[in-house]
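What follows is one structure encoded as structure tokens, with my remarks underneath.
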Amino acid sequence: MNGSIKVNGEARDWKDQSMVDLLGEFDVAAGQSGVAVALNGAVLPRDDWGATRLAQGDEVEIVYIVRGG
Amino acid sequence: MNGSIKVNGEARDWKDQSMVDLLGEFDVAAGQSGVAVALNGAVLPRDDWGATRLAQGDEVEIVYIVRGG
Amino acid sequence: MNGSIKVNGEARDWKDQSMVDLLGEFDVAAGQSGVAVALNGAVLPRDDWGATRLAQGDEVEIVYIVRGG
Amino acid sequence: MNGSIKVNGEARDWKDQSMVDLLGEFDVAAGQSGVAVALNGAVLPRDDWGATRLAQGDEVEIVYIVRGG
Amino acid sequence: MDDARTADSHGMTIAGKTFRSRLMIGTSRYPNQQVMLDALEASGAEIVTVAVRRVSLDGGGAGLYDALGDNYHLLPNTAGCFTARDAVLTAQLAREALGTNWVKLEVIGDEETLFPDVEHLLDAADQLVNDGFIVLPYCNDDPITCKKLEDIGCAAVMPLGAPIGSGMGIRNPYNLRIIRDQCSVPIIVDAGVGTASDAAVAMEIGCDGILLNTAVAGARDPVKMARAMRLGIEAGRYAFEAGRIPKRLYATASTPEDGIIGG
Amino acid sequence: MDDARTADSHGMTIAGKTFRSRLMIGTSRYPNQQVMLDALEASGAEIVTVAVRRVSLDGGGAGLYDALGDNYHLLPNTAGCFTARDAVLTAQLAREALGTNWVKLEVIGDEETLFPDVEHLLDAADQLVNDGFIVLPYCNDDPITCKKLEDIGCAAVMPLGAPIGSGMGIRNPYNLRIIRDQCSVPIIVDAGVGTASDAAVAMEIGCDGILLNTAVAGARDPVKMARAMRLGIEAGRYAFEAGRIPKRLYATASTPEDGIIGG
Amino acid sequence: MDDARTADSHGMTIAGKTFRSRLMIGTSRYPNQQVMLDALEASGAEIVTVAVRRVSLDGGGAGLYDALGDNYHLLPNTAGCFTARDAVLTAQLAREALGTNWVKLEVIGDEETLFPDVEHLLDAADQLVNDGFIVLPYCNDDPITCKKLEDIGCAAVMPLGAPIGSGMGIRNPYNLRIIRDQCSVPIIVDAGVGTASDAAVAMEIGCDGILLNTAVAGARDPVKMARAMRLGIEAGRYAFEAGRIPKRLYATASTPEDGIIGG
Amino acid sequence: MDDARTADSHGMTIAGKTFRSRLMIGTSRYPNQQVMLDALEASGAEIVTVAVRRVSLDGGGAGLYDALGDNYHLLPNTAGCFTARDAVLTAQLAREALGTNWVKLEVIGDEETLFPDVEHLLDAADQLVNDGFIVLPYCNDDPITCKKLEDIGCAAVMPLGAPIGSGMGIRNPYNLRIIRDQCSVPIIVDAGVGTASDAAVAMEIGCDGILLNTAVAGARDPVKMARAMRLGIEAGRYAFEAGRIPKRLYATASTPEDGIIGG
């Protein structure tokens, strides 16, 4: 099974992982506050992170709060 | 034959007149410069004034140049 | 004895009075603070009010503190 | 005869010269316009330049027109 | 002034057409027609603005065209339009009436301030450029809007210095300077100029021209004010080209200081 | 500009002498003498300022008088003097050198700002007026000082707009307006003008003339800036005479609003 | 200051929520986190702005939320978005990340000026209001745009005083006054404030609050400047409520003039 | 505000005496005595100014001294004096009446502008310094005059920002900055302040204090305006000490730009 997904604009191997698995790679804990996820251009509520498995070609945005004006 | 047309936003009797006839009522000579006419929302070139007969319900705008800033 | 003195720019009868007498006419008590007196263009310290007798032609200024900016 | 005079703030030998002589040393012609002379703090009219002999200790100012704002 | 004018290396070029005068002047609100004609002449302007209005039932109105048509480039405006639709039709009628494809595009957003409605203005500008018009849009002093108007294909941008007829001058010279940096089309300051020094200031910033009306028409002596504006614009333009001295908090002597008496 | 000039009903009259130009210009700090001569001509000025300095031992210096004496009214200044005594002697020497009893009186209080020393200035002005001079004093923008100079008998007052050579323009137009209200002698703004609009602003306040030097001599193109100043002064003067429109926070339509399409 | 604060009859109420402080402050560009925390406290602000960014592969970043979440209302912005689409998604992600439906909406039109793109801003504001957001849009000082944002349903308008980080202060107080007249939602001046008097000026015009960041974070002593801003805003607000004296060109004696010695 | 006050490292020290408040406030023209007392308290001022006047034949007048003497440092002025002679005698009478050798020296040159007469002012200041007074002279914003007053031995200089009671604010901040550079005694801006931001501006220039009266007494709510002035002065002082960011024509992003969505 060799496909890819896009995370924060960069290609990544698809390993049939769950969203929680992927977030783990970014040190993001399940349901962690101050963080949000978009899947294919729509926000994915934190409650759905666990139940969500990634498919080939999925585009994921993982964002968190930073300093701003 | 009792219909009406609208000229510069005001109702007027329809007398099966030509555009030139109507313009005459406003002291506008055929092909007079500094004047323009719109028929039902589109400009009517002065060359077409003569050949144009008005139909019931037609909306006519007759404008001329005035002082402006 | 009919002479005159000048008090705050206005003529007044001279009655051989002491400065304290004169001040009394202006409801100014002996040694009262917030008030000052000039005799013939020079400040008269409050301690000298009692010992000072007025002479004909003397010019007296009696001032007090008022609101100011 | 060894004395000195002061010209434009600087000491100079006194040679019993006339003002015209002195001016000559500065390339100033007799009666030249655009130039003026002061002798001991007072203006010396150009008509008197010729008749004026310098004395020991005299202070002379020789000025001319320059660019200014 | 001819020597002076020719000395102005640039002139004002809009849509490939060059004008000696950098002033565009309106024809409204003068005490009477003769004062208007005298003021226009004194202003030196080659472009004068006019409006189009419905013929009133009591006729009349051919007069203005006859009085000005031969001597000036008549620039019709779309004053009073609040929508792109009305502005486009008004521009098309003006083109037919005057035989010119130039238009001063106005789309107003509010009757109190007469500030433009940027959304409708951009829409109307786009339609008119595509319909073959030379579009001179009256806009606000927002650099982003001016850049968009340039990108749409407008032949110039005409940011306001202050509200129309307010005479408040150039309220925000900083924005004009930014617009000057970012736009390559001519910048005509439209509205706000109240007196000659306002016009000079706009030119010193590097703007290309001025459009005004009330400041001249409403002055106690419109003809004299027209001359003042002409001179103020020339003065400001020459100053811009001449390259002014820098500003300093402290003084620098103009007269050299050596050789001072008693010094 | 002739029509324009004659249209200026006033001209500038100082001590009974009338000048067509309201500009007085300095002769210092130009790139070279030819640029200076061209700039003076372009400025239209009739009065040019000069200074008097000690003849240096290496001679020279007759040149300036020959170059300017025939074409301009030379107005000597007392630049660089810090005391009434030095200023009075300098004025007397200038009178002898140039055969004029006019003097631009400067008594400086500080080398960094070149602001006048008001006490010494009033003293020197009094001495010179009594000695038969036409005194044009460079002063600060203090209305009280200006009134005193007028009462002493000065032929004009020359308040600064900003420090000499600073190019900061008219820093405090309010004081100039008060001086305008309170003095009846001509008011010449001396120092501070940096560009054409500064000159126009001073004239619009109602001042009678401008004296400048660095703004022209130090510009990238002095001749063009000289022309800009001439036009700026004329523009400001005409605007002042024309009577400007009042300032308003809100707009007033220049184009009449009746008969608008869709209206 | 408690007595003072309670004496402020209004406070600042946005979308039905009342805040004692009229200052919103950013969290960016401080020398370090401790200085930021001290400055935020000194500022008295209850609302602080934050941004959302992609998690970098090297992790980290939870820190800020933990440091501020308990003590301040975190207001996420959409800084850096150039389109309505990006701004809307960014706002939705921020809502999910912070559990707040408040957003400081920024849609930038140009990287050099960081001025807003009015078309995209209006579009994004409309989408977000319909999606249930409390929208606080960063906009320009155009009264027409501000009125449209109010009509769309924004909870406030946040016109810029000058470009972000420029420290130029309130460049065009006239427009702010017009916006004050025409809008009934709170007006928060966002961007441009450089020092305490700038903040006071904005409040004296009648604005309801100030949003700033660089002026404090970039000051030599951010904590002291934060205190200065807090006091400047309170000072300006009290002055606005107190009703200032009118401006006069001439003087009026404060000390009564009867009974003067020698008088 | 105590923490704030102590955080102000300087305080205001005049003639060796340190005051926590940088505000001096007048006692004239309040609606009534109670409003005056409340405003003085709200202002936080420690020094209040009073005048001396001839006792009227109908007596009265001890009231003010009793009302203020215990709580404030009473600073007598010489308002209304037009000559050095009158000002000196008035100061001496005030010293006798109040038992203080401090005096706010005013020598007026003109009733319309209430601008000082510089010649008489310098003369009176010299006499009073030699007579042992702590002289605080009300002067104009002329750097030369301020330096002379310092050299005479005045304990501070008090240049006007604008005419007394005009509320025009700081008309010429440039001169104040020059005075700040050239004088080492405290600079108190006396007259002209109309609202809180004016006071903040003066402090941001680096002035040491403010003296005002009409701006508070004549406000619709004098007590609230007194508080506004106190805060405005503190705000301006902190901003001055904090070191503001430089001004830029263009923007600098406050929010970092890496990691933007869609970026």
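Convention: sequence-line order gives letters A, B, ...; per-chain numbering from 1. Computed from a prediction, not measured in an experiment: that's the story for all the values here.
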Problem set entry | Check: G:E204 side chain, H:A196 main-chain N or O, donor-acceptor pair, under 3.5 Å | yes
Problem set entry | Contact summary for H:L249 and G:P163, nearest pair of heavy atoms | O-CG, 3.7 Å
Problem set entry | Over 12 non-hydrogen atoms of neighbours within 6.0 angstrom of CZ in G:R180 | yes
Exercise. In terms of heavy-atom proximity below 4.5 Å to chain G, should H:P246 be classed as side chain, backbone, both, or neither?
Worked result: backbone
Exercise. Relative to chain G, which of H:G232, H:A51, H:A200, H:A219 shows the most heavy atom pairs under 4.5 Å?
Worked result: H:A219
Exercise. Among all residues two or more places apart in sequence or in another chain, which pass the side chain to side chain contact (heavy atoms under 4.5 Å, CB included) test with H:A215?
Worked result: G:I245, H:M229
Exercise. Is it the backbone or the side chain of H:R171 that comes under 4.5 Å from a heavy atom of chain G, or both, or neither?
Worked result: side chain
For this session: Among the options H:A79, H:S254, H:A162, pick out the one with the most heavy-atom pairs lying under 4.5 Å from chain G.
Result: H:S254
Problem set entry | Most chain H-contacting option - heavy-atom pairs closer than 4.5 Å, from G:G26, G:G194, G:C81, G:G218 | G:G194
Problem set entry | When H:A242, H:A235, H:G165, H:A191 are compared by non-hydrogen pairs under 4.5 Å with chain G, the top option | H:A242
Exercise. Closest approach of H:M168 and G:K247, non-hydrogen atoms and distance?
Worked result: SD-CB, 3.7 Å
For this session: Under the side chain to side chain contact (heavy atoms under 4.5 Å, CB included) rule, what do G:R244 and H:M225 come out as? Steps first, then yes or no, please.
Result: CA-CA 8 Å; G:R244 61 157 295 155; H:M225 185 58 87; 3.9 Å; yes
Exercise. So which heavy atom on G:A239 is nearest to which on H:A228, and how close?
Worked result: N-CB, 3.5 Å
Problem set entry | Heavy-atom neighbours of G:Q33 CD exceed 12 at 6.0 Å | yes
Exercise. Got a second to check how far G:Y250's OH is from H:L114's CG, nearest 0.5 Å?
Worked result: 12.0 Å
Problem set entry | Portion of H:A253 that has a non-hydrogen atom of chain G nearer than 4.5 angstrom | both
Problem set entry | Any donor-acceptor pair under 3.5 Å from H:E112 side chain to G:A251 backbone | no
Exercise. Heavy-atom distance under 4.5 Å to chain H: side chain of G:A217, backbone, both or neither?
Worked result: neither
Exercise. If every non-hydrogen atom of H:R227 is compared with every non-hydrogen atom of G:Y238, which pair is closest and at what distance?
Worked result: CD-CE1, 3.6 Å
Problem set entry | Interface residue of largest heavy-atom contact number with chain H, from G:A226, G:G169, G:G167, G:G192, under 4.5 Å | G:G167
For this session: Counting only heavy atoms closer than 4.5 Å, note whether H:D110 contacts chain G via side chain, backbone, both or neither.
Result: neither
Problem set entry | Heavy-atom pair with the smallest gap, counting every atom of G:T255 and H:S28 | CA-OG, 4.0 Å
Exercise. What are the two closest non-hydrogen atoms of G:K224 and H:E241, and how far apart are they?
Worked result: NZ-OE1, 2.6 Å
